[in-house]
Structure formats: structure tokens, C-alpha cells
Visitor: 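Would you mind keeping the following structure in view while I ask a few things?
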There are 2 protein chains.
Amino acid sequence: MKKLSPRQQSIFDFIAQFIQNHQYPPSVRDIQNGCNISSTSVVDYNLRILQREGYLRREAEVSRGIELLQETSLSQNRNYINVPVLGNIAAGEPLGIPPSETWHSNSIDNVELPPFLIQDKKEVFALRVKGESMIDALVADGDLVLMEPIDNPNNGDMVAAMLKDKEEVTLKHFYIQDGTVTLQPANSRMEAIKVPAENISVQGRVVGVIRSI
Amino acid sequence: MKKLSPRQQSIFDFIAQFIQNHQYPPSVRDIQNGCNISSTSVVDYNLRILQREGYLRREAEVSRGIELLQETSLSQNRNYINVPVLGNIAAGEPLGIPPSETWHSNSIDNVELPPFLIQDKKEVFALRVKGESMIDALVADGDLVLMEPIDNPNNGDMVAAMLKDKEEVTLKHFYIQDGTVTLQPANSRMEAIKVPAENISVQGRVVGVIRSI
DNA sequence: TTTTGTTCCGAACATACGTACTCATTTCCT
DNA sequence: AGGAAATGAGTACGTATGTTCGGAACAAAA
């Protein structure tokens, strides 16, 4: 199959986009506007080429009678990642994260997420935030926090840290120096907490936040 | 959702069948022939009912602008929604959202998102937050804000509002009473702003926030 | 019965949309 | 360079297709 010109690629991509957004294919004039093409005849011309090259099929005389053939851009991209929602996170409650082997068996809840949120991180899980206690971390009630299990966080990482004495979990930026850990809220107007390293345990590293209103 | 008449059921089934066979929805006359209906107006009449009852959505004046809702949510469940990232949002910069017809022109960026973030909202787009100015809304630098175009926000909605005199865009909870708009930060420790309704223009409603660290 | 509401019919209308045709502009090849 | 081929632009035409409208057929009330 021949290489497509930029314009043809643009048209093909636009059609795939359009079908995803609406449930029906675009008209010639939709494509014209969407791809900033000056004339419908140019669209028709390139559509014929796309058809000849096997990228799509067209039903003659039928409005929007376009059928994409190779669904490379659509169905192939289904490598979405299933992330378990292991429970809630709130101040005053220890996390109690079960071992990763049991994650998908006693499946509480799952969310499927696009890869760009996970990247190459392994064993990402999610927690539902309860209450306003994470507000310093710019995390609201009901948010979904994506976390990656980690034992040795790097300086600057946002972590879920539990203060051992208070049994309190917070989301803060983590800095360690000379055995003293500084927990810095994401909202810099708030004050940081300094505690000895042995007084906190890091439960994981925050890799994302999802808020759905 | 009400029970469908035999004719309506027949029409609905035919549409699903048709989309299965071709990749595009049927025209009114396709349905007329496929269901042995004597007039296009009867098809239109029943399509309106199907739309009112929530079985499908129609785009006015658009050929084959039919979108099935029921089966769609099941079979399309694996299908992720492509949301265009239309630009940046920052205090001091008006949004300048282009018309939806031009969204998917080759230019911009896109993110694929799972359906639960979009729900049934239409024309959702995303903006990349630049700077710390949205911190009151629990939105950090680099966050992706999902927005839905809206003209009349409801009280309590989080909206992107532009203060006309200051040319400043903020994300705040919107409350209107007696022509006075109160913009309430999500972080309740911050102070609210009260302005006359005519001094602000609402650019859209925030439906989600995505933070990827 | 009359009334009222729903469904259906047939035709006509307005336009959304595919296609064709002519002429420019660019790209390619020798 | 020069001519051919490919690509693009602009316009016009025909029809595919959504929409409207007056009225008939039918059933359920009143």
C-alpha cells in the first residue's frame, strides 16, 4: 500500500476522528472544513485515491457513504490498562494495600485508563479520595489518585505518606535530608511538615490524579 | 424509558442492523424501505419518538445523522473517546475556543480518554493549564482540564469564567442570584469573588481534571 | 355521537451533499 | 528547460435526503 501524501493522511485521520466523535462518517464538506481544503473536488479527488489505495470504501451517490477499512487507528489502539481501585484514601485511615497478586482476583473496582497516564510504570493502582483532607495536595473529595508502589521515593516525588504517630495519611511532596523528611504541600502557600524519617512510612508515589465532575 | 411500539422496535433494530452491515447509519428512506413503511414522514415521526425516549440521538439537517445510544454504550464500551486539546488555559489569556467544526483539523493535539470521564457529554474538549493561577480550583500547572461548552451554567457548576474587565480566566464554582455572580474557589479557605453577571462570560463547564505526574 | 390524541399517509419543499467539468498550480521526468 | 502528470481551486449541477404540512385512519375517552 502506497505512502499517503500529508493531505491524504490528514483526511484519513480526520475521518477516523469524526467517526469517533459522531457515530457517522463525515460528508465531503465536513472533511473540507475540517482539513482546511479549498474545494470539495479536492476532497473527492483524494478520497478516490484513498479508495484506490485500499484505505477506505465509498458507496457512490450516498451521503457520508464512507467506510474505513484498516482500523489501525481505531481498534488496534486498544491496549488500555486496567487499573484496580483498591479502596479509599482519607486522613486518619491507613491504606492497607493488599499484595499485588490479589489485586485482580478480589476485584473491587476497575478503571480502564489510557496509556499516557500510566507510561511505563508498573503495578499502578488507584485510590478514591474521601474528604477534603488532601486539599493541600490539590486533590479534592472524590478524586481518583493513581499510585505506584515504591519504597524509596526520590526527592520531589509526591507520595502518600503516613505519619506513624498520628496514623494519618497525606499526599505531599517528599524531600529527605540528613534523616529528616520534609513533606511539602503542592500548594506552596501551605506550610511544610518536618519529621524524622523513622516516623513516616511512604505508601506509594502519586503518578496521577483524575477528577470527574 | 418507555416501551417501544412494534414499528419503533423494528426501526431501531433495522438501524442497528444497517450500521452493522455498512459502517454508516441509514437515511430516512433507507429505513422506510427496510421496514416497509409507506412514508418518510412516518419514519421521521417515529425517529423523533425514539430520540425523545433516549434510544438514539439525531443531528438536525444532517444526512444519516443518527447515533444509537443503547447498544452503543455496550459495544462501544471498549471504544475510547478522542478529546481534542484545544490549547492552553492561564490567567490573563482569553480562551479563544474555535468552533467545534474545526476541532479535529489536523493541527492540534488529542488525548484518548475512557468513557467514564466523558459520560454522555457532548463536545468535550481539553485545555492544558499553564501556571499556578488555578491553584484555588485545586488545579495544578500542567493539568489537563476537561471542559464542556455551556451557555447557562447551573449553580454549583465549576466553570471557566472570564472577568471581562480584567481579561482574566479562572476556574471557580458558579453561583448566580439576583444578577450577581459569586465565584467560589474549590478550596473553601480561599475567598469568593462577587461580580455583576454582565461582567463575566462563562466559557465552559469543567467536567474533569487529569493530572499526570 | 363528538372529542381528543396518536399514528400514519402522500406529497411537496428546502437543502445537504456527491459528482462533474474547466482551469490554475505544482511536481515530476527526461 | 519544457512538457506531461499530478494535484488543487472554483463553480455548477443533479439528486439524495431531512423536514414540513394537511389530512386520513384508528382507538380511547367523554
Side-chain angles (χ1 to χ4, degrees), chain A residues 1-15 17-19 21-68, chain B residues 1-15 17-19 21-69 99-102 104-106:
Chain A
M1 210 172 315
K2 246 186 4 188
K3 180 85 166 50
L4 293 180
S5 75
R7 175 154 283 182
Q8 284 149 17
Q9 188 65 53
S10 154
I11 290 178
F12 185 85
D13 292 343
F14 174 79
I15 295 172
Q17 294 283 339
F18 192 100
I19 293 178
N21 290 321
H22 319 72
Q23 296 287 116
Y24 46 84
S27 70
V28 169
R29 284 169 180 81
D30 288 335
I31 300 171
Q32 182 191 358
N33 293 326
C35 298
N36 289 316
I37 297 176
S38 56
S39 172
T40 59
S41 63
V42 177
V43 177
D44 183 64
Y45 172 76
N46 286 285
L47 282 180
R48 288 170 190 274
I49 295 176
L50 283 168
Q51 182 173 26
R52 169 159 46 82
E53 298 301 326
Y55 287 88
L56 49 83
R57 178 140 35 103
R58 285 217 291 168
E59 191 83 9
E61 312 264 297
V62 168
S63 311
R64 303 168 187 273
I66 296 178
E67 193 175 339
L68 285 191
Chain B
M1 208 173 317
K2 254 197 330 200
K3 181 82 168 51
L4 294 180
S5 77
R7 174 153 282 183
Q8 284 150 16
Q9 188 66 53
S10 153
I11 290 177
F12 185 85
D13 293 343
F14 175 79
I15 296 173
Q17 187 74 40
F18 192 99
I19 295 179
N21 293 335
H22 319 69
Q23 294 285 113
Y24 46 86
S27 69
V28 169
R29 284 169 180 81
D30 289 334
I31 300 172
Q32 182 190 0
N33 294 325
C35 298
N36 290 314
I37 298 176
S38 56
S39 172
T40 60
S41 64
V42 178
V43 177
D44 183 65
Y45 171 76
N46 285 284
L47 281 180
R48 287 171 190 274
I49 295 176
L50 283 168
Q51 182 174 27
R52 170 160 46 84
E53 298 301 325
Y55 288 88
L56 49 83
R57 178 139 32 109
R58 291 175 84 198
E59 191 82 8
E61 315 254 298
V62 168
S63 312
R64 303 168 187 274
I66 297 177
E67 197 174 335
L68 286 191
L69 296 178
S100 63
E101 288 74 25
T102 69
H104 295 278
S105 57
N106 42 19

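Predicted model, so just to flag it, every value in this text is computed and none were measured. We name chains A, B, ... by the order of the sequence lines, and we start the count at 1 in each one.
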Visitor: Do the side-chain N or O atoms of A:R48 get closer than 4.0 angstrom to the phosphate oxygens (OP1, OP2) of C:dA20?
Guide: yes
Visitor: Is any side-chain N or O of B:Y45 closer than 4.0 Å to OP1 or OP2 of C:dC8?
Guide: no
Visitor: Check whether any side-chain nitrogen or oxygen of B:R58 sits under 4.0 Å from OP1 or OP2 of D:dT19, and answer yes or no.
Guide: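 True: B:R58 side-chain N/O within range (under 4.0 Å) of D:dT19 OP1/OP2.
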Visitor: When all nucleic acid strands are considered with a 4.0 Å heavy-atom cut-off, which category describes A:I49: base, sugar-phosphate, or nothing?
Guide: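 The residue A:I49 makes sugar-phosphate contact but no base contact.
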Visitor: Calculate the interatomic distance between A:N36 atom CG and D:dT7 atom C1'; express it in whole Å.
Guide: 17 Å
Visitor: For A:R7 and D:dA9, is the shortest distance between a side-chain N/O and OP1 or OP2 below 4.0 Å?
Guide: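 Answer is yes, contact under 4.0 Å.
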Visitor: Using 30° and 60° as the class limits, which term best fits the ring planes of A:F14 and A:F18: parallel, tilted or perpendicular?
Guide: tilted
Visitor: Classify the nucleic acid contact of B:N46 as base, sugar-phosphate or nothing, counting any heavy atom under 4.0 Å across all strands shown.
Guide: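 Since only primed, P, OP1 and OP2 atoms lie under 4.0 Å of B:N46, the category is sugar-phosphate.
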Visitor: Counting distance alone, no hydrogens or angles: does the base of D:dG8 have a donor or acceptor under 3.5 Å from a partner atom on the side chain of A:S39?
Guide: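 No, the side chain and the base share no sub-3.5 Å donor-acceptor pair.
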Visitor: Measure CD1/B:I37 against C1'/C:dC9 and give the value in whole Å, please.
Guide: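 Result: 12 Å.
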Visitor: What's B:S27 touching, base or sugar-phosphate or nothing? Going by heavy atoms closer than 4.0 Å.
Guide: sugar-phosphate
Visitor: Side-chain donor or acceptor of A:S38 under 3.5 Å from a matching atom on the base of D:dG8?
Guide: no
Visitor: What I want to check is whether an N or O donor and acceptor connect the side chain of B:R29 with the base of D:dG18 at under 3.5 Å.
Guide: yes
Visitor: How would you label the contact of B:S41 with the nucleic acid (heavy atoms, under 4.0 Å): base, sugar-phosphate, or nothing?
Guide: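 Base contact - B:S41 has a heavy atom under 4.0 Å of at least one base atom.
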Visitor: Does any non-hydrogen side-chain atom of A:L4 lie less than 4.5 Å from one of A:L50?
Guide: yes
Visitor: Within the structure provided, determine whether A:Q51 and A:N46 are in side-chain contact (heavy-atom separation under 4.5 Å).
Guide: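 No, side chains not in contact.
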Visitor: Rounded to the nearest angstrom, tell me the gap between atom CG in A:D44 and atom P in C:dT19.
Guide: 6 Å
Visitor: Verify the ring-centre separation between A:Y24 and B:Y24: is it less than 6.0 angstrom?
Guide: no
Visitor: If you only use heavy atoms from C-beta on, which nucleotide in C:dA20, D:dG8, C:dA16 is closest to the side chain of B:E61?
Guide: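 Of the options given, the side chain of B:E61 lies nearest C:dA16.
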Visitor: Does B:S5 reach a base, just sugar-phosphate, or nothing at all? Heavy atoms under 4.0 Å.
Guide: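 The residue B:S5 makes no contact with any strand.
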Visitor: Round to a whole Å and report the spacing from CD1 of A:I66 to P of D:dA16.
Guide: 17 Å
Visitor: Output the distance between atom CZ (B:R64) and atom CD1 (B:I15), rounded to the nearest 0.5 Å.
Guide: 12.0 Å
Visitor: In whole Å, what is the span from the CG atom of A:L47 to the P atom of C:dC17?
Guide: 14 Å
Visitor: Do the side-chain N or O atoms of A:S63 get closer than 4.0 angstrom to the phosphate oxygens (OP1, OP2) of C:dC17?
Guide: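 Indeed not, no polar side-chain atom of A:S63 lies that close.
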Visitor: Can you tell me how far P of C:dG18 sits from CD of A:E59, to the nearest Å?
Guide: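 Nearest whole value for this atom pair: 13 Å.
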